[in-house]
Structure formats: structure tokens, C-alpha cells
Amino acid sequence: MIFPSENEIQHPHLSLRRGSMVSEHSMTVVRLDEISAIERERTASAVQSLLVTRGVIVPNDRRDQLWQPSTWKPGPEAATVVEPTSWFDGFLQTADNGVDISVDRDAYHPVENDEAPRCPRCDAEAPADYTESYAEWLEAWMVEGHEPSFSCGSCYRSTPVGDWNGRFSVLVGAPAVTFLNWPPISHGHLAELRDALGGRTGIVSSHW
């Protein structure tokens with residue numbers, strides 16, 4: 001398992017309640033393609049409009065830096081975009097259950113969920129250089145915008161890291177939408193979000 005250093009990646013809500021013994025999680029859908037700042041703003045606005053129009057989110061009128069730091073909170077139709085669960089009512093009352101829509105390019109790390117992705121062609125594990133050169137390629141992707149590609153040791157296909165299979169690996173991009181401590185988002189709604197973001201997209205499921 002790979003853990004980021006304090007100076008490498010910071011999950012946006014990771015440090016807020018670090019003393020809490022409560023386990024937390026998030027799901028982020030992020031666009032991987034490089035697009036202009038204007039296009040990022042336009043795309044983020046489209047995602048926001050989709051969620052607001054459908055009643056999935058509403059402005060957070062109980063915002064608090066420690067317990068409810070997000071701009072958006074669950075709306076009256078939030079239940080329509082998640083998988084059925086017995087703890088939905090409890091979710092509505094929990095701390096840090098908002099939604100973040102980010103315009104700026106950032107890295108999204110699975111934290112304790114971290115594992116290497118798998119080949120999109122043959123499902124083989126990522127090659128050793130994925131782990132061995134992790135810090136170097138992640139810095140190049142985040143700082144210089146150079147998304148790395150890796151060659152599968154089984155089928156030899158070379159694929160950009162964002163297109164390898166898995167939800168528990170670091171991704172870099174923008175815009176992005178993050179659901180904090182929500183029940184699992186339905187496959188149909190994830191497809192809608194990915195369509196709204198456009199281009200190549202990825203999903204990161206984080207736990208800390």
C-alpha cells in the first residue's frame with residue numbers, strides 16, 4: 001500500500017478532523033484530459049447545474065470548517081442517485097456529508113484504499129515500475145502535466161495510467177466532483193456525471 005507524504009498529496013478533508021476515530025470515505029469523479037481554464041469552468045458549471053436541477057445537491061446553509069466544510073449538501077432527491085441502503089437517513093445527519101465541485105487541477109488519492117490498478121486489456125497487475133517510480137511519475141503528472149503510460153508485463157499493451165482499471169489508484173485532473181461519506185453512487189448516475197465531465201474520466205474511492 002502506498003501512502004502520500006504531507007507535502008505530496010492532501011485529501012481536501014483529510015486533515016480537518018484528524019483526531020476523530022470515525023472512519024470516513026469519499027468518491028471522486030474526475031476529468032483526466034487537459035483542458036483550458038475556461039473550459040474547466042464551463043464543464044464544472046454544467047456538472048453543478050445537473051446536480052442542482054435534479055435536486056441531488058443544494059447550497060450548504062450549515063457550513064462549518066470542521067464539521068460541514070463543503071459548499072453543497074445533500075438535496076431532497078439525493079436518494080435517487082445512490083444504491084439502496086439501510087443507513088441513508090443516518091447519512092443525512094452525519095458530519096462532512098457534502099459535495100465538492102472542483103475547477104482547479106488536483107491529485108485525488110485513495111489514501112488507505114490505495115492499490116495499483118490493473119491492465120485494461122488482460123486484467124494483469126500493474127508492472128513493478130508503477131510502484132517503484134511512483135513518486136517520480138506522480139510529481140511529473142501533477143506538476144508538469146505529463147500523464148505516464150505503463151506497459152503491461154503480461155500482454156505488453158502500453159496504456160496511460162488513467163485508463164488502467166480500478167477505483168483505488170491516484171488520479172490527476174480537473175474538473176472533479178467529490179461525494180463525501182455518501183452511500184455508493186448508482187452506476188447510472190456515475191455514467192451521467194462522466195458524460196457531463198466529458199472526455200476521459202476516472203473514479204477514485206478514498207478511505208481514511
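Considering only heavy atoms from C-beta on, Pro160 comes within 4.5 Å of Arg200 through its side chain. Residues Thr80 and Glu77 meet the side-chain proximity criterion, which asks for heavy atoms closer than 4.5 Å. With a 4.5 Å cut-off on side-chain heavy atoms, Ile101 and Thr71 do not count as touching. Proximity of Trp137 to Val161: side-chain heavy atoms (C-beta onward) are separated by under 4.5 Å at one or more points. Met27 places a side-chain heavy atom less than 4.5 Å from the side chain of Leu190. A heavy-atom distance below 4.5 Å is found between the side chains of Leu50 and Arg54. Within the 4.5 Å cutoff, no side-chain heavy atoms of Asn165 are placed close to those of Pro117.
Remark: side-chain polar atoms of Arg105 are paired, donor with acceptor, to backbone N or O of Met142 under 3.5 angstrom. Not one N or O on the side chain of His146 forms a donor-acceptor pair closer than 3.5 Å with the backbone of Glu139. No donor-acceptor distance shorter than 3.5 angstrom exists from the side chain of Arg157 to the backbone of Cys152, with no hydrogens or angles considered. In this structure, Glu147 contributes its side chain and Leu171 its backbone to no donor-acceptor pair below 3.5 Å. Under a 3.5 Å cut-off, the side chain of Ser49 and the backbone N or O of Ser45 do not form any donor-acceptor pair. For Arg31 (side chain) and Pro175 (main-chain N/O), no donor-acceptor pair under 3.5 Å exists by modelled atom type. Using a distance-only test at 3.5 Å, with no hydrogens or angles considered, a donor-acceptor pair links the side chain of Thr43 to the main chain of Glu39.
For the 3.5 Å distance criterion, the side chains of Asn113 and Ser205 fail to qualify, holding no donor opposite an acceptor. Between the side chains of Trp72 and Ser70, no donor-acceptor pair of N or O atoms lies under 3.5 Å.
Note that OG of Ser169 and CD1 of Ile203 are 12.5 Å apart. Values are rounded to the nearest 0.5 Å. Residue Ser102 holds its OG atom at 4.0 Å from OH of Tyr108, rounded to the nearest 0.5 Å. How far CD1 of Ile57 is from CD of Gln48: 6.0 Å, rounded to the nearest 0.5 Å. Interatomic distance, Ser186 OG to Glu83 CD, rounded to the nearest 0.5 Å: 5.5 Å. How far CG of Asp163 is from CG of Leu32: 7.0 Å, rounded to the nearest 0.5 Å. Here the CD1 atom belonging to Ile35 is positioned 8.5 Å from the CG atom belonging to Leu197, to the nearest 0.5 angstrom.
By the rule that hydrophobic residues join a cluster once side-chain heavy atoms approach within less than 4.5 Å of another member, Val52 and Val29 end up as members of one cluster. Hydrophobic clustering keeps Phe168 apart from Val111 (ILVMFWY residues linked when any side-chain heavy atoms are closer than 4.5 Å, directly or through intermediates). Hydrophobic clustering (ILVMFWY, side-chain heavy atoms < 4.5 Å, transitive): Trp87 and Phe179 are in one cluster. Cluster annotation: Val99 and Val204 are assigned to distinct hydrophobic clusters (Ile/Leu/Val/Met/Phe/Trp/Tyr, side-chain heavy-atom contacts under 4.5 Å, transitive).
In this structure, Phe150 and Ser133 approach most closely via the heavy-atom pair CE2-OG, 4.4 Å. Looking at every heavy atom in both residues, Pro76 comes nearest to Val58 through CD-CG1, 3.9 Å. A pairwise comparison of heavy atoms in Gln68 and Asn60 identifies O-ND2, 3.3 Å as the closest pair. His189 approaches Leu51 most closely through the heavy-atom pair NE2-CD2, 3.4 Å. Across all non-hydrogen atoms, the minimal contact from Asn181 to Phe91 is O-CD1, 3.2 Å. Between Tyr134 and Asp114, the closest heavy-atom pair is OH-OD2, 4.2 Å.
Taking the centre of each ring, Trp164 and Tyr130 stay at or above the 6.0 Å mark.
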Please determine whether side chain to side chain contact (heavy atoms under 4.5 Å, CB included) holds for the pair Thr178 and Val30, giving the CA-CA distance in whole Å, both sets of side-chain angles, and the decisive distance to 0.1 Å.
CA-CA 9 Å; Thr178 300; Val30 57; over 6 Å; no
Would Ser206 and His109 satisfy side-chain hydrogen bond (donor to acceptor under 3.5 Å, both in side chains), going step by step from the backbone distance to the final call?
CA-CA 7 Å; Ser206 304; His109 198 282; over 6 Å; no
Residue pair Val82, Phe88: steps toward the side chain to side chain contact (heavy atoms under 4.5 Å, CB included) verdict
CA-CA 9 Å; Val82 300; Phe88 185 81; 4.1 Å; yes
As a quick check of understanding, evaluate side chain to side chain contact (heavy atoms under 4.5 Å, CB included) for Trp208 and Ser23, giving each step before the final call.
CA-CA 6 Å; Trp208 65 97; Ser23 174; over 6 Å; no
From CA spacing to verdict: side chain to side chain contact (heavy atoms under 4.5 Å, CB included), Trp182, Thr94
CA-CA 10 Å; Trp182 280 52; Thr94 193; over 6 Å; no
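No more than 12 heavy atoms of other residues, nucleotides or ligands shown are found within 6.0 angstrom of CD on Glu125.
Ion pairing between Arg167 and Glu115 fails under the 4.0 Å rule for side-chain N and carboxylate O.
The only member of Asp96, Asp64, Asp61 that meets salt bridge (charged side-chain N to carboxylate O under 4.0 Å, His left out) when paired with Lys73 is Asp61.
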